Student: 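Here it is, the structure, as structure tokens.
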Amino acid sequence: MQEDYTIKIPSTSREPVLDVALDTIKQDKQAIVFVNSKRSAESVAEKITKKLNLTDKEKEFYNELSEKILKALSTPTRQCKRLALCVSKGIAFHHAGLNSTQRRLVEQNFRERKIKVICATPTLAQGVDLPAYRTIIRDLKRFTSRGMRSIPVLEYEQQSGRAGRPGMEKLGQAIVFAKDEKDKKYLIKKYLNGDPEDIISKLAVEPILRSYVLSLVATDYCKNFKELEEFFAKTFFAYQYQDDTELSIIMSRTLEKLKEWKFVTIQNKETSGFVSAKEYDNSNNARIRATILGKRVSELYLDPYTANFIISYLKENKIEPISLLFMFSNCIEIKPLLNVGVNMVEETEGWLQENEDFLGEESELMQEDYYELTRGVRTTMFFEDWINEFNEEELLNKYNVRPGEINAKIERLDWLIYSATELTRLTNKDLVKHLVRLRIRTRNGCKEELIPLLKFKNVGRVRARRLFKNNIKNVHDVKVIAYEKLSAILGKKLALNMKKEVGIVVEDVQETLL
DNA sequence: GGACGGTGAAACTTCAGGTTGCCTC
DNA sequence: GAAGTTTCACCGTCC
């Protein structure tokens, strides 16, 4: 049983959150502040920063760290600058928009007790293990598609659970804020004394079931409908809902689709004839096998629906980068799509009109949900700008997508392109080269013309662009250009290695370098 | 009188997040 | 639903 105790925190600002955070710093302890948006995380961190005064010695240390944060990107965005400013006073914010270097620096320095306060979105509560003396939970509500909703008790526990360092502190404090007495009672009842929500199985959700059915078949773990039923009868879903007829119905519907998409075959033993999935409901012994294509889909962890969507879309021979990017933007794997802000609507619609011809039927298909369509278009535009060498700051300004989110999106796109390439190898070999080129451009964020230069080690889009501007456009150009010129563009060491890669050894220089 | 700057109320806008594949220097 | 941001009217000051 925990002790009942009261703490008093002096009020020095109009915002209780700041008071608690400042008080923690005064006690020479650390705090994590949880808020419900990235913008708030940044704003609270900044407000705390403004109330702090550091000694010269502290300033020196933090400036160094701040510098590292700023230089995490070749073109610092305003987010980078903001974080650097906060860190220069020992405060940080943390959310999915930080790039990996910045995130690592923040976490590491908090662990080492250098950073005093982190203002974070719920990301921090889920993954990394970062305990603090205090967790200050400012927001217990969050925006959802159905408006503002209280966060689940489970999530409150995740966040409050960050308070107290095992083996280091006797005590941890988790602080929430009540508007009034009534609110206080509600919070105590719901969060402090309430039970966490039940966990609900999502197995019967079709995209998930599709993937599992295919994978069970592809690995030969289940060979017929009966075995599938037996397998699913042992799952948490079946345990939770008792009645598994619903699951059987969805399962046979799923199987029908998998067959239609040519990912599985269903063969009746007795007659050696193929049967449709519907008939086959009654003959549970019919052998189910994954096709080669089906196996590959399963190995790639693709939703079979997506796989089929990609294969059909590519049959239209829409091979322009825009078309391909639009296709990928309409795969469920790429979600959530980018938001279309009020000031972006016009631009997005303009782009759509201009490029409609490239997009295929999908753009009409989606008319039923116009807002979703524009979000898909927006995402396509974002990808297009990325492979046209927009830098992080430009993307942040145009799309309100932060560096960390850029990386996450691009990585997902990269995976989808890879998967599409693999499927295309089995279905439409002619398209492989287009996808391969798009993948190179996606990974590097660059235009077509730089591709030949990216083959060199340690040459990414920035250096490739520099070479290109100097009229060095391919392997041959690298071969023939004078070493001195090349080294003037990219520095000695890199120039040397590039020459080596094209089979030219620049001997005397190499010696002086060593 | 006009330029400028500070202030605050009102209007407007936006809102968390991560696992899959494969390879590479 | 609420925080953060932008806009705009208002006022005071200075030249």
Side-chain angles (χ1 to χ4, degrees), chain A residues 14-15 17-18 33-47 78 82 93-98 100 103 119-128 137-152 154-155 158-159 177 179 183 202 207-208 211-212 214-215 296-304 306-307 331-345 399-402 404-405 407-423 425 435-436 439-440 442-444 454-460 463 493-494 497-498 500-501:
Chain A
R14 278 185 204 163
E15 290 184 58
V17 177
L18 300 188
V33 182
F34 284 110
V35 293
N36 64 5
S37 73
K38 294 191 274 282
R39 208 163 52 170
S40 288
E42 296 180 18
S43 147
V44 172
E46 204 165 53
K47 281 182 197 161
R78 58 189 147 89
R82 205 173 183 190
F93 54 83
H94 187 290
H95 53 59
L98 268 60
S100 57
R103 201 184 298 197
C119 302
T121 56
T123 355
L124 202 65
Q126 289 162 5
V128 279
I137 304 173
R138 192 194 69 175
D139 300 330
L140 284 166
K141 288 189 171 172
R142 187 167 51 238
F143 181 82
T144 70
S145 51
R146 290 165 299 148
M148 227 45 176
R149 289 281 184 278
S150 291
I151 64 168
L154 270 174
E155 234 182 273
Q158 275 285 349
Q159 298 187 5
F177 302 87
K179 281 195 289 287
D183 194 31
K202 292 213 173 107
I208 296 175
S211 305
Y212 277 105
L214 181 57
S215 110
R296 197 69 190 113
V297 170
S298 178
E299 283 165 3
L300 292 165
Y301 283 87
L302 272 183
D303 177 357
T306 299
C331 296
I332 45 174
E333 283 84 350
I334 213 78
K335 287 182 179 186
L337 298 171
L338 301 202
N339 284 324
V340 187
V342 279
N343 57 346
M344 304 174 188
V345 174
Y399 297 96
N400 195 25
V401 176
R402 299 164 168 82
E405 298 164 305
N407 293 342
K409 273 274 171 285
I410 294 303
E411 205 172 300
R412 269 189 103 75
L413 176 63
D414 177 48
W415 162 52
L416 277 180
I417 300 177
Y418 171 77
S419 300
T421 316
E422 290 298 295
L423 296 182
R425 284 186 209 286
L435 286 162
V436 167
R439 184 160 183 233
I440 297 172
T442 299
R443 293 177 76 106
N444 292 282
L454 294 168
K455 294 191 180 94
F456 291 97
K457 285 173 197 163
N458 297 316
V459 175
R463 284 166 173 168
K493 198 159 185 185
L494 200 60
N497 287 333
M498 287 180 72
K500 213 173 179 178
E501 275 183 69

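Small disclaimer: the values here were computed from a predicted structure and weren't measured. Residue numbers begin at 1 in each chain, while the letters A, B, ... track the order of the sequences.
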Student: Inspect the contact between A:Glu46 and A:Arg82 and indicate whether a charged nitrogen and a carboxylate oxygen are less than 4.0 angstrom apart.
Tutor: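 So A:Arg82 pairs with A:Glu46 through a salt bridge.
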Student: Starting at atom CG of A:Asn400, determine the distance to atom C1' of C:dT5, rounded to an integer number of angstrom.
Tutor: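 So the CG-C1' distance, A:Asn400 to C:dT5, works out to 12 Å.
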Student: Would you indicate, yes or no, if C:dA3 has its OP1 or OP2 atom less than 4.0 angstrom from a side-chain nitrogen or oxygen of A:Lys141?
Tutor: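 False: A:Lys141 side-chain N/O out of range (4.0 Å or more) of C:dA3 OP1/OP2.
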Student: Students often get this wrong, so: under 4.0 angstrom with heavy atoms, is A:Asn36 touching a base, only sugar-phosphate, or nothing?
Tutor: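 Since only primed, P, OP1 and OP2 atoms lie under 4.0 Å of A:Asn36, the category is sugar-phosphate.
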Student: Using a 4.0 Å cut-off to any heavy atom of chain A, which nucleotides of DNA chain B are the first and last in contact, reading 5' to 3'?
Tutor: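 That gives a stretch of B:dT13 to B:dC25.
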Student: Run the salt bridge (charged side-chain N to carboxylate O under 4.0 Å, His left out) test against A:Asp139 and tell me which residues pass, sequence neighbours left out.
Tutor: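 Listed in chain order: nothing, the list is empty.
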Student: Taking B:dG18 as the reference, what is the distance to C:dG1 when you measure between their P atoms (whole Å, please)?
Tutor: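 28 Å, rounded to whole Å.
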Student: Could you tell me if the side chain of A:Arg463 sits less than 4.5 Å from the side chain of A:Leu494, heavy atoms only?
Tutor: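 When only atoms from C-beta onward are counted, A:Arg463 and A:Leu494 do touch, with a gap below 4.5 Å.
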Student: Would you classify A:Ser43 as touching base, sugar-phosphate or nothing, given that sugar-phosphate means primed atoms plus P, OP1 and OP2, and contacts are heavy atoms under 4.0 Å?
Tutor: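 Since only primed, P, OP1 and OP2 atoms lie under 4.0 Å of A:Ser43, the category is sugar-phosphate.
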Student: Would you mind classifying the nucleic acid contact of A:Asn339 as base, sugar-phosphate or nothing, using non-hydrogen atoms under 4.0 angstrom?
Tutor: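 It contacts sugar-phosphate atoms only.
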Student: Paired with B:dA16 by Watson-Crick or G-U wobble geometry, both distances under 3.5 Å: which nucleotide is it?
Tutor: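 Across all strands, not a single nucleotide pairs with B:dA16.
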Student: Rounded to the nearest angstrom, tell me the gap between atom CZ in A:Arg138 and atom P in C:dA3.
Tutor: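 Distance, rounded to whole Å: 6 Å.
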Student: Looking at side-chain heavy atoms only, is the closest gap between A:Arg443 and A:Leu454 below 4.5 Å?
Tutor: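 Result no, sub-4.5 Å side-chain heavy-atom pair not found.
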Student: If you assign A:Arg296 and A:His94 each to the DNA chain B nucleotide with the nearest heavy atom, which residue ends up on the more 5' nucleotide?
Tutor: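 Comparing both residues, the 5'-ward one is A:His94.
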Student: With a non-hydrogen cut-off below 4.0 angstrom, is A:Glu299 in contact with a base, only sugar-phosphate, or nothing?
Tutor: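 The residue A:Glu299 makes sugar-phosphate contact but no base contact.
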Student: Does atom OH of A:Tyr212 have more than 12 heavy-atom neighbours from other groups under 6.0 Å away?
Tutor: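 No.
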Student: So with a 6.0 Å cut-off around CD of A:Glu299, is the heavy-atom count from everything else above 12?
Tutor: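 Yes, because the 6.0 Å sphere around CD of A:Glu299 holds more than 12 heavy atoms from other groups.
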Student: Checking all strands, does A:Lys47 fall into the base, sugar-phosphate, or nothing category for heavy-atom contacts under 4.0 angstrom?
Tutor: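 A:Lys47: backbone/sugar contact only, no base atoms under 4.0 Å.
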Student: Tell me: CZ of A:Arg149 to P of C:dA2, nearest whole Å?
Tutor: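 Those two atoms, CZ and P, are 13 Å apart.
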Student: Closest-nucleotide mapping onto DNA chain B: is A:Arg39 or A:Leu302 further toward the 5' terminus? I mean the 5' end.
Tutor: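 Checking each residue's closest nucleotide, the 5'-ward one belongs to A:Arg39.
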Student: Between A:Glu15 and A:Arg138, does any NZ, NE, NH1 or NH2 come within less than 4.0 Å of an OD or OE carboxylate oxygen?
Tutor: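 A:Glu15 and A:Arg138: not salt-bridged.
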